[in-house]
Structures are given as structure tokens and as C-alpha cells.
Visitor: 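Below is the structure I would like to discuss, written out as C-alpha cells.
Numbering of ligands and ligand atoms starts at 1, following listing order.
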Amino acid sequence: MAKLTEEMKKELIRQAWQGAEKSYSPYSNFKVGAAVLASTGEIYRGCNIENVSYGITNCAERTAIFKMVSEGCTSFTAICVAAGDTALMSSPCGACRQVMAEFCADMDTPVVLAGKDGSVYDTTVGALLPDAFLRTNLIHE
Ligand code: THU
């Protein structure tokens, strides 16, 4: 697993909870926040953004990563997700896992899942999305 200092991990968790405060989730009432550590050292926060047309909801993880990309950085070295008003932490959805795989520095990039009860679960992009479809799969003769 790539190096993530305890200090930076704490900071990412703190910023992910801050991100959750901005959650626009009137339909699920499930607030999610994310904080992504860009390769530049910058931290981008995100929240879930719902819509009355439920299917176009954007998850917190993708909001944070898309903010990073839209500012010109296409690689991150860690991401933290802070979820909900339920005690349990939430696990990233399939779409977010695929987007993480696209922009992570490598598949060992740490993913930190934080729950309201203080629980923290450490995993990686590769563990969340084994055998991912990556840009290398597009190379053909
Ligand atoms: N959600 C996220 O933002 N991230 C996740 O990892 C899982 C789900 C959001 C989408 C929706 O707004 C709400 O949680 C309930 O599914």
C-alpha cells in the first residue's frame, strides 16, 4: 500500500466529514463526504449531489475526483469517504470504483472509509476493484 501518514489520514477524514456537511441528499437523507489527496498535494472535498431524477445522482467520491480533474490534476494518492447518519461506514459504489481506478496513482492507492461511530476501514483501489478494466486493456494490434 502506498504511504499515507497517520497525520494526513486524519486530515483526509476530517475534510471528508466537512465535505459531508455540504451533501445535497433530500431524497435519501444519506450524507456522504469525500476528500481526495491529489498528486499535487492539494486536497479536494466532495459530497453526494442528488436529483429528483434519482439515476443522475453524483456520489461524493466522484464529485471530489471530478473537482480535482477539472482543476487540472489527473492523479490522486489517497481518498477518504465519510458516510452517513448511520453508524456504519459506506462502501463506494461500482461507478465510483471505476472512476477511482481511472485516476488513482496506482492500484495500491489507499482508500479510507470512515463511519460516524469513529470506525475506520483501510483498503485500496485494487482491493475494491480487482481485475479492473484499465486503459492498458485498450491497447490492440
Ligand atoms: N453515495 C455516495 O455518495 N457514495 C457512496 O459511496 C455510496 C452512495 C450516495 C449516493 C446517494 O446520494 C446516497 O449515497 C444513497 O445512495
Visitor: Once side chain to side chain contact (heavy atoms under 4.5 Å, CB included) is applied, do any residues pair with Val112, and if so which ones, sequence neighbours excluded?
Guide: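 Per chain and number, Val112 pairs via side chain to side chain contact (heavy atoms under 4.5 Å, CB included) with Leu4, Lys9, Ile13, Cys80, Val120, Asp122.
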
Visitor: So which residues, sorted by chain and number, lie with a heavy atom under 4.0 Å of ligand 1?
Guide: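 Close residues (ligand 1, cut-off 4.0 Å): Ser28, Phe30, Val32, Asn48, Glu50, Thr57, Cys59, Ala60, Glu61, Ser90, Ser91, Pro92, Cys93.
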
Visitor: Above 12 or not: heavy atoms from other molecules or residues under 6.0 Å from OH of Tyr121?
Guide: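 Open.
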
Visitor: Can I get a per-line list of side-chain donor-acceptor pairs under 3.5 Å for residues 125-139, giving both atom names and the distance, sequence neighbours left out?
Guide:
{"unit_1": "Arg135", "atom_1": "NH2", "unit_2": "Glu102", "atom_2": "O", "d": "3.3"}
{"unit_1": "Asn137", "atom_1": "OD1", "unit_2": "Leu134", "atom_2": "N", "d": "2.7"}

Visitor: Under the side-chain hydrogen bond (donor to acceptor under 3.5 Å, both in side chains) rule, what pairs show up with a residue in residues 36-50, not counting sequence neighbours?
Guide: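 Sorted pair list: Gln15-Arg45, Gln18-Arg45, Ser23-Asn48, Ser28-Glu50, Ser39-Ser75.
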
Visitor: Do Asn51 and Thr57 have side-chain N/O donor and acceptor atoms under 3.5 Å apart?
Guide: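 No pair is found: no donor N or O on one side chain lies under 3.5 Å from an acceptor on the other.
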
Visitor: Has Arg97 got a side-chain atom pairing as donor or acceptor with Pro92's backbone, closer than 3.5 angstrom?
Guide: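 Looks like yes, one N/O pair under 3.5 Å.
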
